[in-house]
Number of protein chains: 2
Amino acid sequence: MSPRRTPVGRRDRPAKTPLSRAGLVSVALRIMREEGLERVTMRRLAAELDTGPASLYVYVRNTAELHGALLDELVADLSSPETAQSEWREQLIGLMCAYTELLFAHPSLARSVLLLRPSGPHYLRLIDEVLRLLLAGGMPSRQAAWGVDLLLQQATATAAEQGSRDEAVEAGGEEEDLALAVSEATSETYPHLVRVRDEIMSGTGEQRLRWAFTTIIDGLSHTR
Amino acid sequence: MSPRRTPVGRRDRPAKTPLSRAGLVSVALRIMREEGLERVTMRRLAAELDTGPASLYVYVRNTAELHGALLDELVADLSSPETAQSEWREQLIGLMCAYTELLFAHPSLARSVLLLRPSGPHYLRLIDEVLRLLLAGGMPSRQAAWGVDLLLQQATATAAEQGSRDEAVEAGGEEEDLALAVSEATSETYPHLVRVRDEIMSGTGEQRLRWAFTTIIDGLSHTR
DNA sequence: ACCTGAACACCGTTCAAGT
DNA sequence: ACCTGAACACCGTTCAAGT
């Protein structure tokens with residue numbers, strides 16, 4: 001229809017912006033938000049940027065590094081909640097819940113991040129903030145330092161697990177297998193499981209999440 | 001060389017045993033032990049069993065279910081350590097460490113299990129045993145019921161993370177990125193991180209693992 | 001240095017057709 | 001019911017060759 005402006009252009013795209021790491025990440029972010037991380041593949045990204053997959057390896061080492069960059073972008077939007085006069089403990093639980101909810105929206109990213117050691121500037125800011133709150137709670141520095149890891153891992157693992165479960169409902173449905181197995185357990189085979197049967201699946205995700213963070217923070221405070 | 005005994009046999013394999021779920025799982029287990037979970041693919045498994053990949057779907061729903069079955073086989077070998085007169089707390093930490101070490105040998109399985117709700121008989125036995133110890137510690141039943149989940153998730157997440165890190169050393173090396181970022185952090189940008197800098201990477205994997213379990217159990221005991 | 005097409009070496013799952 | 005070959009619809013990464 002319109003006359004060609006770029007003689008060797010493969011298609012009539014608006015323009016071919018030069019490749020850059022930032023460009024890569026922003027396109028990846030868009031695809032992730034619109035279609036999920038599953039669709040963010042090197043091949044798809046390359047197609048979107050009107051090039052071949054090999055070209056991307058100039059800007060990212062591999063898929064894992066790309067995922068790390070995506071996490072950092074997400075974490076950038078994480079505002080410290082209510083920096084007001086509420087207690088450090090409540091603030092910390094709020095921050096951890098906010099981070100977990102962020103990951104809930106992208107369970108497959110959580111899955112990927114679990115295998116990473118994120119090191120982006122925004123993630124470091126999150127670490128620093130969690131540390132601030134733990135130290136504000138009067139925790140010894142080793143307790144605080146190791147605690148950040150424990151808390152962040154818990155958040156990521158929960159998001160990875162919970163999120164993929166929602167996705168897996170259509171597909172497999174392994175949690176129904178567990179529910180079934182638990183309901184069929186007898187006192188002869190699994191006596192303790194039977195004793196707490198009703199509590200094992202109880203509570204909402206939100207309740208159990210807050211409970212988990214509270215439990216860990218209690219354990220951290222209880223200095224030995 | 002030798003005369004054909006099976007006229008339509010594709011190759012001179014010893015014999016073609018009929019397919020079964022148990023047979024599938026045992027071949028999968030062997031490949032996992034010898035070459036790692038990465039090599040346990042439907043296609044590879046089919047080739048090993050002298051059939052096409054489609055045939056496997058009679059016995060397992062999908063790859064996830066197969067991984068669940070593999071975990072259950074591993075957990076079967078998990079002997080309850082020292083059921084002697086040592087305290088419930090020490091016994092529990094020992095059991096959790098044993099489970100984690102089991103998974104350390106198969107990090108990619110841990111990764112996969114994180115997205116599952118395992119429901120095999122041996123896994124249920126593990127749940128029952130952890131519950132027994134928590135209840136022996138005098139914990140209220142909701143605390144115990146939710147606690148099992150927290151403890152087992154922590155174990156799996158640690159194995160998934162730690163294990164893949166060992167593997168990733170050859171490949172990417174994202175943890176070095178973090179170490180670098182931490183060492184380059186300044187008091188202006190990340191004041192709290194700088195304050196605990198030396199503790200954040202300290203300790204061996206074993207030390208931190210025991211510490212994490214102790215912390216969570218402390219938090220669980222501290223009933224609210 | 002940056003960019004590329006093509007190739008290497010694979011995947012999981014489904015389906016129509018057989019036995 | 002069980003089993004199968006072939007197909008569908010893809011992957012990440014590397015490499016030699018170009019600019």
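Please read these numbers as outputs of a predicted model, since none were measured by experiment. Numbers restart at 1 for each chain; the letters A, B, ... are given by sequence-line order, proteins then strands.
Spacing of C1' atoms, dA16(C) relative to dC3(D), comes out at 13 Å, to the nearest Å. For the P atoms, the distance linking dC10(D) with dA9(C) amounts to 23 Å, nearest Å.
Of the listed nucleotides (dA6(C), dC2(C), dG12(C)), dG12(C) has the atom at the smallest distance from the side chain of Thr63(B). Distance from the side chain of Tyr57(A) is smallest for dT13(D) among the nucleotides dA6(C), dT13(D), dT4(D). Listed candidates were dC2(C), dC3(D), dA6(C). Nearest to the side chain of Ala54(A) is dA6(C).
The CZ atom of Arg39(A) sits 7 Å away from the P atom of dC10(D) (whole-angstrom rounding). Rounded to a whole Å, the CZ atom of Arg21(B) is 19 Å from the P atom of dA1(D). Per the geometry, CD belonging to Glu38(A) stands 14 Å off C1' belonging to dG12(C), to the nearest Å. Distance His67(B) NE2 to dC11(C) P: 12 Å, rounded to the nearest Å. Taking atom CG of residue Leu56(A) and atom P of nucleotide dT13(D), one finds them 10 Å apart after rounding to whole Å. Atom CG of Leu45(B) and atom P of dG12(C) are 10 Å apart (whole Å). Across the protein-nucleic acid pair, Arg43(A) atom CZ and dA9(C) atom P stand 14 Å apart, rounded to whole Å. Rounded to whole angstrom, the span from the CE atom of Met42(A) across to the P atom of dG5(C) amounts to 16 Å.
At the heavy-atom level, Ser55(B) lies under 4.0 Å from base atoms of the strands shown.
At least one donor-acceptor pair under 3.5 Å links the side chain of Gln207(B) to the backbone N or O of Thr204(B). Arg197(A) contributes a side-chain N or O that, together with a main-chain N or O of Val182(A), makes up a donor-acceptor pair within less than 3.5 Å.
The partner of dA7(D) is dT13(C), judged by Watson-Crick or G-U wobble contacts that both fall below 3.5 Å. The partner of dA1(D) is dT19(C), by the rule that a Watson-Crick or G-U pair needs both atom distances under 3.5 Å.
The residue from Asp128(B), Leu134(B), Leu133(B) that alone fulfils the side chain to side chain contact (heavy atoms under 4.5 Å, CB included) condition with Val130(B) is Leu134(B).
Using a cutoff of 4.0 Å between basic side-chain nitrogens and carboxylate oxygens, Arg39(A) and Glu48(A) are not scored as salt-bridged.
Residue Thr41(B) places at least one side-chain N or O under 4.0 Å from the OP1 or OP2 atom of dC11(C).
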* List the steps and the verdict of side chain to side chain contact (heavy atoms under 4.5 Å, CB included) for His67(B) and His106(B). => CA-CA 11 Å; His67(B) 289 178; His106(B) 306 282; over 6 Å; no
